[in-house]
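Note that this is a predicted model, so its numbers are computed, not measured. To find a chain, count down the sequence lines: A is the first, B the second, and so on, and within it residues start at 1.
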Amino acid sequence: MPHELPKTYEPGAIESRWAEYWVREKLFHVETPPAENKRPVFTLLLPPPNVTGRLHMGHMLNQTQMDIVVRWHRMRGYVALWLPGTDHAGIATQMMVERQLAKEGKNRGAMGREKFIERVWEWRREYGGAILDQMKRLGASVDWRREYFTMDDNLSRAVKEVFVRLYEDGLIYRGKYIVNWCSDCGTAISDLEVKHEDVPGKLYEIRYPVVDGKASSRDEDKNKDDFIIVATTRPETMLGDTAVAVNPTDERYSHLHGKHVLLPLMNREIPIITDELAQPEFGTGAVKVTPAHDPNDFEAGLRHNLPQIEVIDEHSKMNANAGPYAGLDRFAARARIVEDLAAQGFLVGTKDYTIALAKCDRSGTIVEPRLSTQWFVKIAPLARRAIEVVEKGYIRFTPENYGQIYLNWMRNIHDWCISRQLWWGHRIPAWYCTEKDCNEVVVAREAPAACKCGGTHLEQDRDVLDTWFSSGLLPFTTLGWPEATRDLEVFYPNSLMITGFDILFFWVARMIMLGCWFMMPPHKPGKHGPSDEEALRASVPFREVYIHALVRDADRQKMSKTKGNVLDPIEVIGQYGTDATRFTLAAMAAPGTDIAFSESRTAGYRNFANKIWNAARFMFMNVDRVAGGLRPAPDPADLHPQKGVARFHTQTLEDRWILSRFNRAARDVNESLHTYRFDEAANRIYDFFWGELCDWYLELIKPRLNLEAGADTAAAQAACANLVNLFEAALRLLHPVMPFITEEIWHAIYDGKPPLKSIALAAYPTADDRQIDLAAETDMAILQDLIVSVRNLRAELKVEPKVKVPIEVFAHEPAIRSMLEQNLRTILLDRPANVEKITFVENSLANRTGARSTSRFDVHANYEKKIDVAAERERLTKELEKIEKQLTGAQARLSDDNFLTKAPTHVVEGLRKQVEESSVLSEKLLAKLRELGENT
RNA sequence: GGGCGGUUAGCUCAGUUGGUUAGAGCGCCUGCCUUACAAGCAGGAGGUCGCAGGUUCGAGUCCUGCACUGCCCACCA
């Protein structure tokens, strides 16, 4: 029988089977909704993993959260589109293939561009799907039919379109500026790809002799004002100095204005200029100016028309301009230069100095600020809108503080260098006329046939675009832009973006800038003044951004290959199952803190899955045995519109109680998911399923299910039906977090013939307030107290586990007494507390040995064994102390007028009630302590 | 140089707009293979919530300062 589950829970087998099933059955394919669509729409774009990537814990966290949100929306009746794809990852992929070539003894230079690119495509065909295959194993409910790759034809066309439009709007320009140059990658990189690292270094003070122009007299050279001292951390760049700057307000140097210095080693005369660049407080107040190798100096150079002398080449070696140092690596040159300066008496001092060293994020190579002709995006106009939409709340961040971080960054943004000296990527759609003296640049969607000068030889720019340029367009290009598609109309803006902080600026910020620019209809070149708020609101790429935490190892260390502490999600899954791993990530995803991923935690959630598994086995066992194969009628009407528990018979207290608890759980879980509190949602389900359903409800219905004991078939069948219906609803509640085990058991409930193809298509439970039963919860709490009290007594009295004890119960409040009388049947307490007979008595049992008391009842176990009086007295004393302390505090507050007038009523009332109960209890404890004293 | 976060049980972390007795998992101790589950059941120990002030009838929660710690941003030599 299909519903007969194997005895042991083995996630591996179940999970791969359903993962395949979901893909094969195309369960998550989303048709473009028709014009008359009334269903709400939910759109989510998968942050495309690098095509070279392997799944890591960060991906898994990210995807787990996305899958939870998407499954939840789908079950709530949304048209839920989750769009998957991969990123061509320019540098990463190119390097990967180059390494492969190197092993074959080839290199791309010899191969040529065309062949190399063909080779990259081959690589991609062969290995590029790996990470998405891994995703399938995670159960990601994406629409695979819509899978994209950033180099697809349609996306590439859109990239060109964007480039051309931005160029036509004057927002893309080409020019020779200082860029971050990575000599290892052989390309310019953007500011974001540079990471600064504080390292100990040296600050060199160098004496530049002053000469008074060409007509300097030798006499003056002997004065002590004959030199000016500059400080630098990079002495090798001095070879390219074209000025020394002093601050115009710095009186120490006013007599030198307009004079020149003789550049040591190079013997080149360079002017002393006055510029804000030099800050009087720093060092000597004089700074060397190297326009070709420093961004600040570059600007100063423009202000003063200084020549730009490059001395370091693209391989970070000194070039011909470096005279005797030509050919040396920049650091070798530094050493030699310092040596030579010292030898010639120019080196005044060397100080220890902490340097914020700029390194290439990818290769770790020290980045060289280098003069280079590149393409840039003029970012200010785009940033303006991107700031506006966040300030106005058209895009909301969770956690909120990321909105501020985003704004700070966006307000200080610099132009974006978008050209890369690579082969793999979107080639820049610009052509240069090769005719002599024609410097025409043509930016066009297609290769132009001829230049306006008449020349027909046009060469396309050799560079490609920054990968983030194309991924920044994905929220609309994946939906068919620049065509005005129905998809675009329905699915844009995306509802949500879930991603990590690490790509907030790289990607999220760029998507917002580009989305708000291109999706602001109608597109008016050059006009971006205040316009229709609705249009602006509708232009955002997504309405909300959820930033998730970083997954660290159990010791809070960042996972990194070099540290060797990287956890492979596939291995973790292999060991504990995808469901348990997903649950761990969800349960630990409290906002604001990183996740210290602990396997012991995962093992705990594997145990939770096992608990569910066994509870299901218990259910099926009873369905077959007791109820003769009873199954819930698979009425589809009960499933999709049905939000809660279908046809539940509230015959007993525990029935009413569990139904109430289920509704509370459903309410809480929905609320938590609304605010992306995955941790709360997961923990809430855990507590309900294990702590209430399994620990209490299952135990309490066992007597009814046990035919041999009572043979009430009708009651047994009702109990069984309740269990099945409750379980079914609980599975739906859990499904977004643990999709596999819930799918497996759900199908089993329907004997393999479910009314829908998947639990993922069933309705998500919502709370029905009418089923929340406060009275049942209160009564049940008393009953639970009583059972726990009996268990405590058994432990105290050291009753052998197998021995059943008779108990006596006293309750002074008639209502509670009658409630207990109604619900406390021996059979009910048999299993939970091993009780064999219950007698209600008329007098308090509080002072009896072998009794326990709460403010509502006393319970006494009839058992011969002597108790450990000393231990009992200690326990009672401790408890009494605690209660007395509370009582004193509470009474003090209740007699304080200030408290009584200022505190809200419910707090005062609550406290009064507490005092009442504590008083009763403390008297009972006292009575018992007296009794104990007399007995010893 | 700016900005942000963290500090609660042995470990990893929750703790809503301040409100009655600060929770969980793992670990630990005791007893149980009770016919769903030893990946389990029952019971138990363990916290002056980083420190010092302040606001308040009331502070783990709000404010100020300090200490320790982590992260991000930054073209200053």
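- Each of B:C75, B:A14, B:U20 was ranked by its minimum atom distance to the side chain of A:His196; first place goes to B:C75.
- If you find the closest nucleotide of RNA chain B to A:Ala231 and to A:Leu192, the one lying nearer the 5' end belongs to A:Leu192.
- No contact: A:Ala890 has no heavy atom under 4.0 Å from any strand.
- Between the P atom of B:A24 and the CD atom of A:Glu692 lies a distance of 13 Å, rounded to the nearest Å.
- With P as the reference atom, B:G27 and B:C66 are 42 Å apart, rounded to whole Å.
- Across all strands shown, A:Arg794 has no heavy atoms under 4.0 Å from either base or sugar-phosphate atoms.
- If you check every strand for non-hydrogen atoms under 4.0 Å, A:Pro904 touches a base.
- One interatomic measurement links the two molecules: CZ of A:Arg912 to C1' of B:U20, which rounds to 13 Å at whole-angstrom precision.
- Ring centroids of A:Tyr605 and A:Tyr576 are separated by 6.0 Å or more, keeping the two rings apart.
- Contact annotation: A:Lys195 does not reach the phosphate of B:C72 (side-chain N/O to OP1 or OP2, under 4.0 Å).
- Rounded to whole Å, the separation between the P atoms of B:A42 and B:U56 comes to 47 Å.
- At a cut-off of 3.5 Å, with distance as the only test, no side-chain donor of A:His414 or A:Asp191 sits close to an acceptor on the other residue.
- Here, B:G10 and B:U21 have their P atoms 23 Å apart, quoted to the whole Å.
- Residue A:Lys351 places its NZ atom among 12 or fewer non-hydrogen atoms of other residues, nucleotides or ligands, all under 6.0 Å distant.
- In this structure, the separation between OG1 on A:Thr581 and CG on A:Leu61 is 12.0 Å, given to the nearest 0.5 Å.
- Side-chain N/O atoms of A:Glu599 and A:Thr602 include no donor and acceptor closer than 3.5 Å.
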The contact string for nucleotides 25-41 of chain B, one letter per nucleotide 5' to 3', using protein heavy atoms under 4.0 Å with B, S and - for base, sugar-phosphate only and none, comes out as SS------S--BB-BSS
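- In this structure, CG of A:Asn408 is placed 12 Å from P of B:G5, rounded to the nearest angstrom.
- Distance from the side chain of A:Met588 is smallest for B:U12 among the nucleotides B:U12, B:G19, B:C73.
- No side-chain N or O of A:Asp415 forms a donor-acceptor pair with one of A:Tyr177 less than 3.5 Å apart.
- A:Lys798 places its NZ atom 11 Å from the C1' atom of B:G43, with the value rounded to the nearest Å.
- Using atom C1' as the reference point in both B:C76 and B:A14, the two lie 45 Å apart (nearest Å).
- Taking atom C1' in both B:G5 and B:G53, one finds a spacing of 23 Å when rounded to whole Å.
- Relative to the six-membered ring of A:Tyr686, A:Lys611 misses at least one condition, a distance below 6.0 Å or an angle of at most 45° to the axis.
- Taking atom C1' in both B:G23 and B:U61, the straight-line distance is 15 Å, to the nearest Å.
- Rounded to a whole angstrom, the distance from the P atom of B:A59 to that of B:G25 is 29 Å.
- Look at the C1' atom in both B:G31 and B:U48: the space between them is 33 Å, to the nearest Å.
- The pair A:Lys702-A:Glu699 meets the salt-bridge criterion, with a side-chain N (NZ, NE, NH1 or NH2) lying under 4.0 Å from an Asp/Glu carboxylate O.
- Each of A:Val907 and A:Thr233 was matched to the nucleotide of RNA chain B holding its nearest heavy atom; the match closer to the 5' end belongs to A:Val907.
- Within 6.0 Å of CD on A:Glu281 lie more than 12 heavy atoms contributed by other residues, nucleotides or ligands.
- Using a 4.0 Å cut-off, no side-chain N or O of A:Asn834 falls inside it from OP1 or OP2 of B:A42.
- Atom OH of A:Tyr402 is separated from atom C1' of B:G5 by 8 Å (rounded to the nearest Å).
- Among the heavy atoms of the strands lying under 4.0 Å from A:Leu277 is at least one base atom, whether or not backbone atoms are also near.
- Counting any heavy atom pair closer than 4.0 Å across all strands shown, A:Phe298 reaches no nucleic acid atom.
- A:Arg677 has its CZ atom 9 Å from the P atom of B:U16, to the nearest Å.
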What does the 5'-to-3' dot-bracket notation of RNA chain B look like when only Watson-Crick and G-U wobble pairs under 3.5 Å count, and pairs to other strands show as |? (((((((..((((.....[...)))).(((((.......))))).....(((((..]....))))))))))))....
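- Protein atom CD of A:Gln404 is 19 Å distant from nucleotide atom P of B:C72, rounded to whole Å.
- Rounded to whole angstrom, the span from the CZ atom of A:Arg667 across to the C1' atom of B:U16 amounts to 13 Å.
- In summary, A:Arg856 and A:Asp785 do not engage in a salt bridge, as defined by a charged side-chain N under 4.0 Å from a carboxylate O.
- The backbone N or O of A:Ile229 sits less than 3.5 Å from a side-chain atom of A:Thr284, completing a donor-acceptor pair.
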